[in-house]
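Both counts, for ligands and for their atoms, begin at 1 and track the order of listing.
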Amino acid sequence: MALAAGLAAGLAAAFLAAALGSTAALKPAPGVNLGSLAAAILILAPVLGFTPLRAARACCLKEPKPGIDTAPPFFTVVTTASSRVSRMRPASALLSSCLAARCSIRSVLFMRGVSRNNAPERLGRARLWLIARGIQSGRVPYPSRRSVPVQFSTLLDALPQQVWKADAQGRLLWMNARLAEALNRPALPSPLVNWLHADDREAFRHRWAQAQANGRFEMEYRLGQQWVLAQAQRLPDSPHWLGTHIDISARRTAEARLQQADEVWKLALECSGDGVWDWHVQRGTEHFSERYLRLHGFQPGDVDATPEAFDARTHPDDIPQMNRDREDHFAGRTAIYRNEHRVLAKDGTWKWVLSRGMVIERDTAGQPVRMVGTHTDITDRKRQEALVWQQARVDALTGLPNRRALRERIDRALAQRAVRGDEELAVMFVDLDHFKEVNDSLGHDVGDALLGQVAQRLQACMPPGGVVARMGGDEFTVLLAAADAAAAAEQVGRDMLAALSATFDVGGERVYVSASIGVSLAPRDGVEIESLFKHADQALYEAKGAGRNRLRLFTPDLHEAVQRRARLAAELRQALPARQFKLVYQPILSLRDPTAPPRKAEALLRWTHPKLGDVSPAQFIPLAEASGLIVDIGDWVFREAAAQVQAWRARGHASFQVAINKSPVQFLSERSQQAHPDWVEHLRTLGLPGEALAVEITEGLLLERDEAVAERLRALRAAGLSISLDDFGTGYSSLSYLQHHEIDTVKIDRSFVAGLEAGGKALALCRAIVTMAHELGMQVVAEGIETEAQMRALQAMGCDWGQGWWFGKGVSAEAFEERWLAGAVQGSVTGTAR
Ligand SMILES: Nc1nc2c(ncn2[C@@H]2O[C@H](COP(=O)(O)OP(=O)(O)OP(=O)(O)O)[C@@H](O)[C@H]2O)c(=O)[nH]1
């Protein structure tokens with residue numbers, strides 16, 4: 001064993017030496033024992049066609065004579081070396097010769113310290129015997145003269161790998177027994193490529209050529225029946241290559257099986273319409289299925305199918321998210337990788353793909369080794385989504401951005417402003433004035449068409465970067481960014497009001513419309529969308545209240561006014577239980593005989609606030625309407641008035657009638673609907689006929705053209721109540737609704753009465769109203785009579801009733817009774833009550 005170990009070590013060292021300088025190792029170096037060379041020649045003599053004798057002679061063979069078993073095809077070589085140091089050289093020469101003669105050496109035995117007569121010799125001076133047994137495989141010289149030393153060959157034969165030596169052109173110059181057997185002992189030199197599977201040859205040539213640059217070669221290919229991993233290295237200072245083949249057939253078979261399985265699922269995925277990718281993360285290689293390529297418009301071979309090639313075709317905006325999603329999956333934070341991104345297709349368009357995948361193999365450190373997944377074409381879905389997204393942000397009627405889109409724009413602008421801080425923002429609420437009347441009088445379609453034209457005009461006023469959106473109904477909102485946003489908003493507002501002032505032609509109808517504008521500024525009035533909206537709305541409210549067709553910037557004063565209103569609205573809730581309301585009565589006199597005691601009065605609501613004193617109905621009625629309190633308040637008014645008329649009737653004014661106002665809000669409210677039967681019932685309980693009360697409604701209520709409204713009016717009338725139409729002439733005084741509804745009395749608005757003295761239009765209008773009402777069987781009351789001239793004019797045109805300060809203001813029931821009803825004395829009534 002010690003001998004074998006020493007030999008192995010020696011051979012290994014020699015192999016290394018040979019590897020480092022193979023040419024030298026193959027030559028009989030200076031000092032080589034000629035006897036051993038001669039022995040080699042002698043051995044090979046039969047192979048080479050020499051007689052051993054001639055060979056021996058030729059080499060001046062000296063002792064010890066090798067013994068040779070020349071019985072073909074076996075041979076035995078015995079040779080000697082003179083020292084330990086030189087023992088390898090003769091052996092190498094011998095083996096070179098054997099190989100060149102295509103003899104394969106089957107066994108080599110070195111014997112040390114054994115003399116010819118079998119006596120032990122001292123180390124260092126010992127003669128070494130090398131006995132090789134081999135088999136001669138042919139007469140062709142094999143291997144070549146310049147080949148691998150015998151002892152290495154022997155060792156190399158014993159290796160499980162195939163070992164080979166080749167020149168720069170890839171021609172095999174030598175191979176160990178394992179390779180020789182596998183290739184059936186080819187004649188050498190023989191191009192290695194010729195032994196490869198035809199499918200691997202092209203790749204081999206390519207790789208071999210590449211390997212020349214760095215002196216290393218590695219490739220897996222099929223050689224005979226085997227799959228081998230070839231690894232080779234160019235020998236130092238040599239054009240030759242030393243290589244090995246490791247049998248990887250088992251691994252390849254397993255892989256093929258896996259591959260087959262892979263193919264099955266890949267096929268399944270492909271059939272589902274998805275392209276498949278298979279990424280060897282650490283190797284940096286990726287396989288793309290045919291469908292994957294076609295998905296992006298490519299034919300196989302059209303594009304360099306590498307991960308880099310496709311990464312380069314990914315939309316730059318989508319790459320950061322893609323990387324994040326991939327990292328999340330690699331780190332195990334997501335079970336499945338999922339990302340949607342755009343890929344530049346062959347035709348230059350962007351294709352949206354849904355990429356889904358999963359790491360299916362990790363190394364021991366947990367790093368991903370292989371990841372597989374699919375690409376699904378989601379371009380159509382994305383297009384649909386974009387459409388839906390756009391539709392969700394566009395107002396269908398006007399084509400302007402809608403409320404949602406505007407909120408997003410404002411959010412973005414506020415965020416940008418917060419970062420840059422160099423610009424102010426203006427939010428402008430633009431609300432059309434009395435648009436409801438356009439709808440009501442000309443129809444909804446005309447209203448729609450008008451909104452479209454208004455949108456165009458507003459849009460035309462937008463400076464670059466400005467946005468106008470429709471928030472719904474007749475409300476538009478503008479967003480401006482400017483260094484001085486207040487000035488910019490005022491300019492744009494002026495432009496808009498001017499643009500709207502020109503007549504609109506809507507389907508042949510000439511329509512006029514104006515707008516009121518409220519503006520809030522960021523950061524002055526708020527840095528959040530809600531506060532900006534709230535303040536713009538408050539400014540708009542002010543603009544409306546100040547007469548419409550104007551712009552108001554939000555100011556802290558405005559805010560205070562709003563807060564005052566809010567406080568008042570809260571306190572209004574207490575007014576009813578705290579008995580802060582009262583009714584005052586204003587007489588309605590017959591214009592045929594104004595001196596006669598009045599038979600009618602209008603009940604007017606008054607609120608005496610504990611701290612503020614009397615609050616104007618113009619202030620609190622809208623608040624009561626907005627909060628819904630008007631229903632309870634209206635009910636209280638009804639009961640109070642009913643009680644009063646009952647009292648007056650009981651005191652001898654048998655036909656007395658009190659008129660109460662009923663707001664449209666109250667009229668339309670559900671609770672109020674339920675209240676109507678109660679009212680009738682209540683009157684019955686009081687023993688009052690319906691005609692003891694008149695209900696005053698406004699034109700707006702009739703414009704609703706609501707059958708339920710008509711029904712409720714009919715019910716009141718059926719119960720005997722009288723219906724008066726208040727403020728006639730200020731709205732859309734349409735004859736058609738007068739015919740539609742059963743109205744008893746029309747009240748001419750005070751604005752017409754005020755103009756009576758000047759004659760002209762007001763006079764003509766009042767006369768027309770009186771004539772028309774009488775034609776329709778209605779009576780007419782003129783409100784707001786303040787002068788005798790007005791009274792006389794109305795008398796002259798046949799107006800039935802008059803009411804106003806000329807006769808008297810509203811006073812408490814007691815005062816009224818005292819002033820107007822005391823003794824029910826018929827007498828002269830003058831305007832001194834003013
Ligand atoms: N034609 C049309 N009308 C609409 C649309 N949306 C809402 N409206 C109507 O627009 C009107 C808006 O009225 P408001 O703004 O409340 O009141 P206004 O009559 O304009 O009066 P002020 O705003 O107080 O001056 C209502 O009558 C709605 O029914 C729409 O899409 N088309």
The option among L432, L540, D445, D474 carrying the non-hydrogen atom nearest to atom 13 (O) of ligand 1 is D474
The closest protein heavy-atom partner of atom 22 (P) of ligand 1 is K544 NZ, 3.3 Å
Review point. Parallel, tilted or perpendicular: which describes the rings of H535 and H559, with under 30° parallel and over 60° perpendicular?
Key: perpendicular
(message) When you measure from the side chain of R470 to the backbone of G473, do you find a donor-acceptor pair of N or O atoms at a distance under 3.5 Å?
(response) yes
side-chain contact (heavy atoms from CB on, under 4.5 Å) test vs T398 passes for just one of N402, V394, L400, namely L400
Judged by heavy atoms only, the candidate from L397, V438, T398, N439 nearest atom 29 (O) of ligand 1 is N439
From the list L576, D614, L568, side-chain contact (heavy atoms from CB on, under 4.5 Å) with W607 holds only for L568
Atoms of ligand 1 under 4.0 Å from any heavy atom of G447, numbered from 1 in the order shown, are 1 (N)
Candidates E475, K436, R470, H434; heavy atom nearest atom 5 (C) of ligand 1 found on R470
shortest atom 24 (O) of ligand 1-to-protein heavy-atom contact is with R548 NH2, 2.7 Å
| Considering all protein heavy atoms, does one lie under 4.0 Å from atom 3 (N) of ligand 1? | yes
Here the atoms of ligand 1 under 4.0 Å from any heavy atom belonging to D433 are 25 (O)
TODO: Show your working on side chain to side chain contact (heavy atoms under 4.5 Å, CB included) between F620 and E571 and close with a plain yes or no.
DONE: CA-CA 10 Å; F620 74 81; E571 288 161 353; over 6 Å; no
The residue among R403, R407, E408 that forms side-chain contact (heavy atoms from CB on, under 4.5 Å) with R393 is E408
The atoms of ligand 1 lying under 4.0 Å from a heavy atom of G473, numbered in the order shown, are 5 (C), 6 (N), 7 (C)
*asked:* Are F638 and H682 an aromatic pair, judged by ring center distance below 6.0 Å?
replied: yes
The closest protein heavy-atom partner of atom 10 (O) of ligand 1 is F435 CD2, 3.3 Å
Atoms of ligand 1 under 4.0 Å from any heavy atom of L451, numbered from 1 in the order shown, are 2 (C), 30 (C), 32 (N)
among protein heavy atoms, the one nearest atom 32 (N) of ligand 1 is D448 OD1, 2.6 Å
N/O donor-acceptor pair under 3.5 Å between Q586 side chain and G808 backbone:
yes
